Protein chains: 2
Amino acid sequence: MFESFKKYILSRVVITDAEFERIAAVSTIRRLRKKQYLLQEGDVWRFNAFVVSGLVRLYRVDDKGTEHVVNFAKENWWTGDRESLLSGKPSKFNIDAVEPTEVLLIGKEEFDVICREIPAMATMVHDIIQKSFVATQNRLLVHKDFTAEEKYLDMMEKYPDFILRIPLGMIASYLGITPETLSRIRNQVKK
Amino acid sequence: MFESFKKYILSRVVITDAEFERIAAVSTIRRLRKKQYLLQEGDVWRFNAFVVSGLVRLYRVDDKGTEHVVNFAKENWWTGDRESLLSGKPSKFNIDAVEPTEVLLIGKEEFDVICREIPAMATMVHDIIQKSFVATQNRLLVHKDFTAEEKYLDMMEKYPDFILRIPLGMIASYLGITPETLSRIRNQVKK
DNA sequence: GAAAGGAATTGATCTATATCAAGTGCCGGA
DNA sequence: TCCGGCACTTGATATAGATCAATTCCTTTC
């Protein structure tokens, strides 16, 4: 259960078994069924969440009730609403499971203690956030300047497994296009 | 010269005068004329850059030679290409001055030493990057799901001074729309 | 295993925004 | 001070992608 989490951490930084035990001690596992919420709009997000297996989506709902997918997180990715975590304010997002999913949760306070006690963890977090920032900025470029087809091809190249695992409608929403358009693009692409 | 930088740091964290002197000792000032480059595509970006006064833009140039503005940075903002800084690879971006600008530069190595010696600085950096990440993600939402007019109004609300200081063409590029469309929107908006 | 409801496809329009094309104004350099 | 050129505006047309609508295809669910 915690093995994949340990493997993940060790692939990025060096910590001792004892240190990992301290981390495991403050971690809890939550199992989500398909469509089950991990976070609902209006709640305050207080965790660091690591996806052990499965796949979740983070999305917001506009005034018309339309869902807009912000991103996905699969096994060995982190998820959550950093804005709410940092500010302590209610989240404007929802997170729910696209597939049956296991998530490892560490409360904000416990996580901060861990980072203070184990500097390697702080380093790892800093590193991940920096990379997330770069990745998000690159995604912004794609959205700002690419056509619908280019955006789809870019996604295929970067995350081919998302294309296979996620229903068309959610991919369309993630790309900021309609399901109809994505369906046509797929026909087009496979010639 | 370094006063505004000091004021900026002290508004975010607590450091001593002696500590600031250490920071100032590794800082250099670069003055840029309008249109002068701070970074050119293909070069490796090795700095942390704080805008003391003026305004710069970060942009990329596509295969057709079209410029796409990624973001702007004005006084008391940081700029640079974190992707190149982290990876050590050549940058795919350019940075140049929109207005005559003064930038304070700290080399990557020196900056890392500072952060190790002065933990408050490390904290500050971590904090800034987290906020940048959140801001970029929010911008992504705007670009993905808003109309041209909504994007412009959002920018007016968040950065009214950018609207005044930056030429129309660059704002259009930042918003991912054509100058013609932005010109029409402006007419529309002022009714 | 049948029925029901959502998800994807396909087709026919519609619309926001891009593109192309003049014209106007204004700023910077000689 | 004048000139040249870029930046912005305004108009006419083109187009990518949205919207609306009908049909088929899967999944769930009982």
Side-chain angles (χ1 to χ4, degrees), chain A residues 32-36 54-55 57 59 61-69 72 96-100 141-156 162-191, chain B residues 32-36 54-55 57 59 61-69 72 96-100 141-156 162-191:
Chain A
L32 300 172
R33 291 193 255 183
K34 229 179 182 178
K35 301 203 176 162
Q36 191 180 336
L55 178 61
R57 74 202 238 259
Y59 63 99
V61 180
D62 68 21
D63 9 304
K64 276 149 196 113
T66 312
E67 296 179 357
H68 299 272
V69 174
F72 300 105
D96 69 14
V98 177
E99 302 172 357
L141 302 189
V142 168
H143 276 278
K144 221 161 64 66
D145 306 318
F146 283 24
T147 65
E149 180 171 344
E150 286 168 342
K151 285 189 277 188
Y152 179 67
L153 293 175
D154 178 75
M155 186 182 182
M156 275 192 92
F162 281 173
I163 305 289
L164 299 171
R165 291 165 72 175
I166 300 167
L168 177 142
M170 289 184 193
I171 294 177
S173 173
Y174 172 84
L175 295 176
I177 62 181
T178 59
E180 292 95 327
T181 296
L182 179 53
S183 179
R184 289 183 241 267
I185 286 171
R186 282 189 166 171
N187 261 316
Q188 193 61 25
V189 164
K190 69 175 176 223
K191 251 180 315 355
Chain B
L32 301 171
R33 292 191 255 182
K34 229 180 181 177
K35 301 203 175 161
Q36 190 180 336
L55 179 61
R57 75 202 238 259
Y59 63 99
V61 179
D62 69 20
D63 9 305
K64 276 149 197 113
T66 312
E67 296 179 356
H68 299 273
V69 174
F72 300 104
D96 68 13
V98 177
E99 302 172 357
L141 302 189
V142 168
H143 275 279
K144 220 161 63 66
D145 306 318
F146 282 24
T147 65
E149 180 170 345
E150 286 168 341
K151 285 190 277 188
Y152 179 66
L153 293 175
D154 179 74
M155 186 182 182
M156 274 192 92
F162 281 173
I163 304 289
L164 299 171
R165 290 166 70 175
I166 300 167
L168 176 142
M170 289 183 193
I171 294 176
S173 173
Y174 172 85
L175 295 175
I177 62 181
T178 60
E180 293 95 328
T181 296
L182 180 53
S183 178
R184 288 183 241 266
I185 286 171
R186 283 190 165 171
N187 261 317
Q188 193 61 25
V189 165
K190 70 176 173 221
K191 248 182 317 346

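Because the structure is a prediction, the values reported are computed rather than measured. Letters A, B, ... are given to chains in the order of the sequence lines, protein chains preceding strands, and every chain is numbered from 1.
For the atom pair OG1 (B:Thr147) and CG (B:Leu153), the distance works out to 8.0 Å, reported to the nearest 0.5 Å. For the atom pair CD (B:Glu150) and CG (B:Leu175), the distance works out to 12.5 Å, reported to the nearest 0.5 Å. Atom CG of A:Leu168 is separated from atom CD of A:Glu180 by 9.5 Å, given to the nearest 0.5 angstrom. Atoms OH and CD1, from B:Tyr152 and B:Ile163 in turn, are 4.5 Å apart once rounded to the nearest 0.5 Å.
Proximity of A:Ser183 to A:Arg186: side-chain heavy atoms (C-beta onward) are nowhere separated by under 4.5 Å. Contact of the B:His68 side chain with the B:Asp62 side chain is registered, since non-hydrogen atoms from C-beta on lie closer than 4.5 Å. Between A:Leu55 and A:Phe162 the shortest side-chain heavy-atom distance falls below 4.5 Å. In this structure, A:Asp96 and A:Gln36 have side chains that are not in contact, with every pair of non-hydrogen atoms separated by 4.5 Å or more. Using a 4.5 Å heavy-atom threshold, the side chains of B:Val98 and B:Lys34 count as separate.
When atom types are taken as modelled, the side chain of A:Lys144 and the backbone of B:Ser173 share a donor-acceptor pair closer than 3.5 angstrom.
With respect to A:Glu99 and A:Arg165, a salt bridge is recorded, a charged nitrogen being found less than 4.0 Å from a carboxylate O.
For the pair B:His143 NE2 and C:dT17 P, the interatomic distance rounds to 13 Å; values are reported in whole Å. At whole-Å resolution of the value, NZ in A:Lys64 and C1' in D:dA18 are 14 Å apart. When rounded to the nearest whole Å, the span between CD1 of A:Ile185 and P of C:dT9 equals 12 Å. The CG-C1' distance, from B:Leu182 to D:dA7, rounds to 12 Å in whole Å. In this structure, B:Phe146 atom CZ and C:dT17 atom C1' are separated by 18 Å, rounded to whole Å. Atom CD1 in A:Ile171 sits about 11 Å away from atom P in C:dT9, given to the nearest Å. Rounded to whole angstrom, the span from the CD atom of A:Gln188 across to the P atom of C:dT9 amounts to 14 Å. Between the P atom of D:dA16 and the CG atom of A:Asp145 lies a distance of 17 Å, rounded to the nearest Å.
Backbone-only engagement by B:Ile177 is indicated by non-hydrogen atom pairs under 4.0 Å involving sugar-phosphate atoms exclusively.
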Write down the protein N/O and nucleotide N/O pairs, taken from nucleotides 5-8 of chain C, whose separation is under 3.5 Å; answer none if there are no such pairs.
{"from": "C:dA8", "atom 1": "OP1", "to": "A:Leu168", "atom 2": "N", "distance (Å)": "2.8"}
{"from": "C:dA8", "atom 1": "OP2", "to": "A:Gly169", "atom 2": "N", "distance (Å)": "3.1"}

Please write out the pairs of protein N or O atoms and N or O atoms of nucleotides 25-30 of chain D separated by less than 3.5 Å, giving the distance to one decimal.
{"from": "D:dT28", "atom 1": "OP1", "to": "A:Lys34", "atom 2": "NZ", "distance (Å)": "3.2"}

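From one end of the helix from C:dG1-D:dC30 to C:dA30-D:dT1 to the other, with five pairs defining each end axis, the axis direction shifts by 60° (rounded to 10°).
For the residue pair B:Tyr174/B:Arg57, the side-chain donor-acceptor check at 3.5 Å is not satisfied.
Out of C:dT19, D:dG17, C:dT17, the shortest distance to the side chain of B:Thr181 is found at C:dT17. In the set C:dT10, D:dT10, C:dT17, D:dT10 carries the atom at the smallest distance from any side-chain atom of B:Asn187. The side chain of A:Glu180 has D:dA21 as its nearest neighbour among D:dA21, D:dA18, C:dA18. Side-chain proximity of B:Arg184 to the nucleotides D:dT19, C:dT19, D:dG17 is greatest for C:dT19.
Contact annotation: B:Thr178 side-chain N/O to C:dA18 OP1/OP2 distance is under 4.0 Å.
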